[in-house]
Amino acid sequence: MRLAPNPNGPWHLGNARMPAVIGTYKHRYDGWMLCRFDDTDPETKRPDPEAYDAILDAISYLGFEPDEVIRASDRLPTYYEHARELIDLGGAYTCSCSAERFSELKNAGKACPHREKSASESRAEFDAMVAGETDPGEFVLRVRTDITHPNPALRDWVAFRVIDTPHPREAASEYRCWPLLDFQSAIDDHLTSITHIIRGIDLQDSAKRQGFLYDYFDWEYPEVIHWGKIRIEAYDVPMSTSSIKGLIEAGDLDGWDDPRAPTLASLRRRGIRGGAITEAMVALGTSTNDADLSISAIYAANRERIDEAADRAFLVRDSIAKTVIGSPETGEPPVHPNHTEWGVREIPVGGAVRIEREDLPPNGERVWLKGLGCVRHTRDAFEFVGTDIDVVREEEVPVVQWVPADDARELLLRTPEGDHEGWAEPGIEDYPPDEVVQFERVGFARIDRQDEDRTVAYFTHS
RNA sequence: GCUCUGGUGGUGUAGUCCGGCCAAUCAUAUCACCCUCUCACGGUGAUGACCGGGGUUCGAAUCCCCGCCGGAGCACCA
């Protein structure tokens, strides 16, 4: 099996499907997995030098390690060698038609005059392309397929063209004659003994185009599965590397890990485990139909992974402070309701508390401050009523989270919908970055960093 | 225009090749109830689908035909 990413930028959620499914199959069938960077276009889909490592890192985040990593841009001599062989076999010819001219001929099912030139002439012209002696557009190398094939997509396709823009990788910066995907990928799949290919339906005709090559070389084409695109609701931002890049450059997003971005870096920063993404992707299967991935599938898989281990904590967002009269000095809610052995958090009251504005009961009504007890809203304060839990069980007093009014920790919660300023219980500043906690009645969040006087957390999901 | 390819509940998926065990699986979602000092976790229950129309057959999600709707390719992108 192989992953064949184009390293033109960090990965978005859609890219995760390839390693998730292929990696899972690799494990399931005890296979071998190659990561091959298809970086053969220094111009239109120009590789981003940082993306190579970023992609390997993303694969690792999703839970997989390639058995081997190669870059197509290291393998140009191999492609040239096979191109020459193909020319000698009568399977390719150099063509100097313009793209428009050839397209017209092709659509009419007519060959261009260059199709019948001799192999030696094509060899010479191809050598000139490789040597950088020809201008871009002057010549291309075409594979001779069947110019009258009913499917116009398969007729005499281009295998090599000349590009003057140097490749961003130092090691490949001298090459000017570059293979296109259909040629490069076909050669590499055979040479690396790939037995199974899984990729998008946009490459459906590719398998047929490459079939001609395999026939010339008398090779056997791998098993191939094509799947449809995935769409993900819940994001305003389109899921494409170039459009995300554009939004970042325009300042509409803070970066690749902005919580509003549909990128792997963003989910990771929000505390989503890579395995949850993998699980959701694998569940989509490999249908050729387009699929809608609901983000809730990822959340559900993630919740399974984090709920048992996440400490509970209090956070109030838009809040209001009230003096408390007659309460105990500290509240003692459990660290985790399913793990009483983990103990309790000791939260000082300090004479006044802060609760979410929405939770403020009408005057005269009661509310249960979790871990502390029941209070009644008098004219402008909370009067402590007691700790008899029956009022919650039998009289339906609402239970809410709270923080001390004078001793809370300022917290910024970043969510896909926007940022919330709020106050967290004291002690939240002791959690190291990367820790995931559950803010009760709010949702899970990953501690991102601890500033001098403020904690920054990223909202995971409810 | 030419050529591929696909349509099962809100979403995903099993079943389609080799017609009956499918009054259609599982997950998620939504709702209700139970549990609970969280709207988390756990438990119970409910909701909800074979694109349409013909045909073959004792019998069709499954085979055939005709429609309808979708996706992809026809690049000197990957």
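All values derive from a computational prediction rather than experimental measurement. Labels below follow one simple rule: chain letters A, B, ... track the order of the sequence lines, proteins then strands, and each chain is numbered from 1.
Within the 4.0 Å cut-off from OP1 or OP2 of C76(B), not a single side-chain nitrogen or oxygen of T44(A) is found. At least one side-chain nitrogen or oxygen of R161(A) sits closer than 4.0 Å to the OP1 or OP2 atom of A78(B). Neither OP1 nor OP2 of A40(B) sits under 4.0 Å from any side-chain N or O of R312(A). Taking side-chain N and O atoms only, K229(A) has a distance below 4.0 Å to OP1 or OP2 of A72(B). In this model, the phosphate group of U11(B) is not approached by any side-chain N or O of S296(A) to a distance below 4.0 Å at OP1 or OP2.
Residue R142(A) has its side chain nearest to C76(B) when only A78(B), C76(B), C41(B) are considered. The listed nucleotides are C41(B), G6(B), A78(B); the one nearest the side chain of L180(A) is A78(B). Of the candidate nucleotides A29(B), G73(B), A40(B), A40(B) has the atom lying nearest to any side-chain atom of Q438(A). The side chain of R303(A) lies closest to C41(B), out of U11(B), A78(B), C41(B).
Between A49(B) and A24(B), the distance separating the two P atoms is 11 Å to the nearest Å. Separating the C1' atom of A72(B) from that of C33(B) is a span of 48 Å, rounded to the nearest Å. Comparing C41(B) with G48(B), their C1' atoms sit 26 Å apart, to the nearest whole Å. Nucleotides U56(B) and U44(B) have their C1' atoms positioned 46 Å apart, rounded to a whole Å. Only the C1' atoms considered, G10(B) is 33 Å distant from G59(B), to the nearest whole Å. The separation of G6(B) from U13(B), taken at their C1' atoms, amounts to 16 Å, rounded to a whole angstrom. To the nearest whole angstrom, the two C1' atoms, one in G53(B) and one in A61(B), are 16 Å apart. Spacing of P atoms, C65(B) relative to U5(B), comes out at 14 Å, to the nearest Å.
Between D202(A) atom CG and C77(B) atom P there is a gap of 16 Å when expressed in whole angstrom units. To the nearest angstrom, P of U11(B) lies 17 Å from CD1 of I298(A). What separates OH of Y93(A) from P of C76(B) is a distance of 12 Å, to the nearest Å. Going from atom CH2 of W157(A) over to atom P of A78(B) covers 12 Å, rounded to whole Å. Rounded to whole Å, atom C1' of G6(B) lies 16 Å from atom CD1 of I225(A). Residue Y52(A) contributes atom OH, which lies 12 Å from atom P of A78(B) at whole-angstrom precision. At whole-Å resolution of the value, CG in D135(A) and C1' in C76(B) are 13 Å apart. Rounded to whole Å, atom P of C76(B) lies 13 Å from atom CG of L181(A).
By the 30° and 60° cut-offs, the orientation of the rings of F126(A) relative to Y80(A) is perpendicular. Under the 30°/60° scheme for interplanar angles, the aromatic rings of H339(A) and W342(A) are found to lie parallel.
H226(A) is linked by a ring-ring contact (aromatic ring centres under 6.0 Å, His included) to nothing, counting only residues two or more places apart in sequence or in another chain.
Here the side chain of R169(A) pairs no donor or acceptor atom with the backbone of P49(A) at under 3.5 angstrom. For T415(A) (side chain) and F459(A) (main-chain N/O), no donor-acceptor pair under 3.5 Å exists by modelled atom type. For the pair D41(A) (side chain) and K45(A) (backbone), a donor-acceptor distance under 3.5 Å is present. With hydrogens and angles ignored, the 3.5 Å screen pairs a side-chain donor or acceptor of S98(A) with a backbone N or O of R101(A). In terms of modelled atom types and a separation under 3.5 Å, the side chain of D39(A) and the main chain of S73(A) share a donor-acceptor contact. Remark: the backbone N or O of S462(A) is paired with a side-chain donor or acceptor of R303(A) at under 3.5 angstrom.
Judged by the 6.0 Å and 45° rule, R142(A) forms a cation-pi pair with F102(A). Judged by a 6.0 Å distance limit and a 45° cone about the ring axis, R17(A) is positioned over the six-membered ring of W227(A).
Nucleotides of RNA chain B nearest to P136(A) and D359(A) differ in position, and the one nearer the 5' end is that of D359(A). If D307(A) and F439(A) are placed on RNA chain B by their nearest nucleotide, the residue sitting closer to the 5' end is F439(A).
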Dot-bracket encoding of pairs in RNA chain B, which uses [ ] for pseudoknotted crossings and | for another strand, Watson-Crick or G-U under 3.5 angstrom: (((((((..(((.......[.....)))((((((.......))))))...(((((..]....))))))))))))....

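Here F102(A) lies out of heavy-atom contact (under 4.0 Å) with every strand. Within the 4.0 angstrom heavy-atom criterion, no nucleotide atom of any strand lies near C177(A). Residue-level contact check: S462(A) touches neither bases nor backbone, having no heavy atom under 4.0 Å from any strand.
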Could you encode protein contacts along nucleotides 30-37 of chain B as a string, one character per nucleotide from 5' to 3', using B for base contact, S for sugar-phosphate-only contact and - for no contact, with a heavy-atom cut-off of under 4.0 Å? -------B

Go through the steps for D146(A) and T148(A) under the test side chain to side chain donor-acceptor pair (under 3.5 Å), then give the verdict. CA-CA 5 Å; D146(A) 175 357; T148(A) 60; 2.9 Å; yes

Walk me through whether D189(A) and Y221(A) qualify under side chain to side chain donor-acceptor pair (under 3.5 Å). CA-CA 9 Å; D189(A) 282 334; Y221(A) 201 75; 5.2 Å; no

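For RNA chain B, none of the residues of residues 7-15 of chain A falls under the heavy-atom distance limit of 4.0 Å.
Two rings, from F37(A) and Y52(A), have their centers less than 6.0 Å apart.
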At a cut-off of 3.5 Å, list every protein nitrogen or oxygen paired with a nitrogen or oxygen from nucleotides 12-15 of chain B, distance to 0.1 Å.
unit_1: G12(B); atom_1: OP1; unit_2: D292(A); atom_2: N; d: 3.3
unit_1: G12(B); atom_1: O2'; unit_2: A283(A); atom_2: O; d: 2.9
unit_1: U13(B); atom_1: OP1; unit_2: L284(A); atom_2: O; d: 3.0

List every contact pair, protein side and nucleotides 2-4 of chain B side both N or O, where the distance is under 3.5 Å.
unit_1: C2(B); atom_1: O2'; unit_2: P150(A); atom_2: O; d: 2.8
unit_1: U3(B); atom_1: O2'; unit_2: N151(A); atom_2: ND2; d: 2.7
unit_1: C4(B); atom_1: O2'; unit_2: K208(A); atom_2: NZ; d: 3.1

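Scanning both residues, T94(A) and H114(A), for their nearest heavy atoms gives O-CB, 3.5 Å.
Salt-bridge formation is detected for the pair E125(A)/K117(A): a Lys NZ or Arg NE/NH1/NH2 atom is positioned less than 4.0 Å from an Asp or Glu carboxylate oxygen.
Exactly one of R270(A), H461(A), R273(A) qualifies for a side-chain hydrogen bond (donor to acceptor under 3.5 Å, both in side chains) with N302(A). That residue is H461(A). Of the candidates Y214(A), F160(A), W178(A), F183(A) forms a ring pair (Phe, Tyr, Trp, His ring centres under 6.0 Å) with just one, namely F160(A).
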